[in-house]
Amino acid sequence: MMRAVVFDVGECLVDESREYGTWADWLGVPRHTFHAMFGAVIAQGRDYREVFQEFRPGFDLYEEREKRAAAGKPESFNEEDLYEDVRPALARLRADGLWLGIAGNQTIRAGKILRDLFTEDVDLIGMSDDWGASKPDLEFFRRVAEAVPFAADEILYVGDRVDNDLRPAVAAGMHTALVHRGPWATIQWRTEEAENLPTFRVESLSELPALIANFNDSAR
């Protein structure tokens with residue numbers, strides 16, 4: 001049975017469109033050009049951080065984040081950047097008695113924002129910078145499993161990427177759900193892995209409560 005649901009952050013809970021637009025502005029390139037290169041890099045199976053190298057060779061993402069913060073333009077998101085199905089889905093899952101968590105590749109700064117937004121809604125908020133392990137490293141998912149008070153096969157990890165989310169979560173013994181939004185899921189949606197690897201494929205997080213309830217009913 002599924003007893004816990006853990007969510008990725010970017011393009012699962014948070015629409016990152018505005019934030020990537022501010023990176024284009026920081027680099028001084030047109031937003032549509034940045035977005036086009038972003039999609040091309042993802043489609044080629046490359047690390048998204050290589051996008052920045054295309055525009056500025058030697059670009060150090062960590063250093064540039066600090067420069068942005070010092071310039072009064074830190075990476076940021078807020079309630080308006082959450083997908084509209086997030087709050088209702090969390091409320092319904094919690095009402096159904098499920099243990100909830102948020103765990104993703106995020107900075108300490110982003111972790112603080114997430115805690116401000118979700119501390120009252122979930123049982124765990126864990127970030128890669130907190131744990132010293134990032135996806136797709138299996139150590140990240142071991143940390144998730146250690147933090148959740150249930151067995152790995154009782155956890156559903158929800159994400160938007162086959163490579164970073166589903167593949168390593170399944171290797172760690174978890175169930176997975178692929179949500180169809182954002183650039184990665186859009187590009188990967190019709191691949192064999194995206195069709196066969198996840199326990200659930202959803203267009204919206206609002207589908208999860210009924211799917212989990214049906215799954216648990218059949219497991220009894």
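Given the structure is predicted, the values throughout are model-derived calculations rather than measurements. Values below: every heavy atom of this structure, side chains too, minus hydrogens, waters and symmetry copies.
Between the side chain of Arg49 and the backbone N or O of Leu61 there is no donor-acceptor pair closer than 3.5 Å. Between the side chain of Asp165 and the backbone N or O of Val162, no donor-acceptor pair lies under 3.5 Å. Not a single donor-acceptor pair under 3.5 Å links the side chain of Tyr157 to the backbone N or O of Val144. With Asn196 contributing its side chain and Glu192 its backbone, the two residues share a donor-acceptor pair below 3.5 Å. With hydrogens and angles disregarded, a donor-acceptor distance shorter than 3.5 Å links the side chain of Asp60 to the backbone of Glu63. Not a single donor-acceptor pair under 3.5 Å links the side chain of Arg3 to the backbone N or O of Trp99. Although no hydrogens or angles enter the test, the distance criterion places a donor-acceptor pair under 3.5 Å between the side chain of Glu207 and the main chain of Glu203.
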Side-chain donor/acceptor pairs under 3.5 Å, residues 30-43, sequence neighbours excluded:
residue, atom, partner, partner atom, Å
Arg31, NE, Gly21, O, 3.2
Arg31, NE, Asp25, OD1, 3.2
Arg31, NE, Asp25, OD2, 3.4
Arg31, NH2, Asp25, OD2, 2.6
His35, ND1, Arg31, O, 3.2

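Because its NZ or CZ atom is not both nearer than 6.0 Å to the ring centre of Trp131 and within 45° of the ring axis, Arg142 does not count as a cation-pi partner of that residue. Judged by the 6.0 Å and 45° rule, Arg181 forms a cation-pi pair with Tyr83.
Within 6.0 Å of atom CD in Gln44, more than 12 heavy atoms from other residues, nucleotides or ligands are found, so the atom counts as buried in its surroundings. Dense packing is recorded around CD of Glu50, with more than 12 heavy atoms of other residues, nucleotides or ligands lying under 6.0 Å away.
A salt bridge does not link Glu11 with Arg161: every distance from a Lys NZ or Arg NE/NH1/NH2 to an Asp or Glu carboxylate oxygen is 4.0 Å or more. Of the charged side-chain nitrogens involved, at least one lies within less than 4.0 Å of a carboxylate oxygen, so that Arg46 and Glu54 count as a salt-bridged pair. A salt bridge links Glu64 with Arg56; the closest basic N to acidic carboxylate O contact falls under 4.0 Å. Under a 4.0 Å N-O distance rule, the pair Lys135/Asp160 does not qualify as a salt bridge. The pair Arg220-Asp217 meets the salt-bridge criterion, with a side-chain N (NZ, NE, NH1 or NH2) lying under 4.0 Å from an Asp/Glu carboxylate O.
Looking only at atom types and distance, the side chain of Asp85 has a donor-acceptor partner in the side chain of Ser204 under 3.5 Å away. A donor-acceptor contact under 3.5 angstrom links the side chains of Thr22 and Arg68, judged on distance only. Remark: the Lys67 side chain and the Tyr62 side chain contain no N/O donor-acceptor pair separated by less than 3.5 Å. Residues Gln106 and Asp130 bring no donor and acceptor atom of their side chains to less than 3.5 Å of each other.
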* Can Phe215 and His175 be said to form a ring-ring contact (aromatic ring centres under 6.0 Å, His included), step by step? -> CA-CA 11 Å; Phe215 181 94; His175 296 285; 5.0 Å; yes
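In this structure, Val179 is not a member of the same hydrophobic cluster as Ile187, with clusters built from ILVMFWY side-chain heavy atoms closer than 4.5 Å. Residue Ile125 is grouped with residue Leu13 when hydrophobic side chains (ILVMFWY) are merged at heavy-atom distances under 4.5 angstrom, including chains of intermediate members.
For the salt bridge (charged side-chain N to carboxylate O under 4.0 Å, His left out) criterion with Glu75, the lone passing option out of Arg65, Lys112, Arg109 is Arg65.
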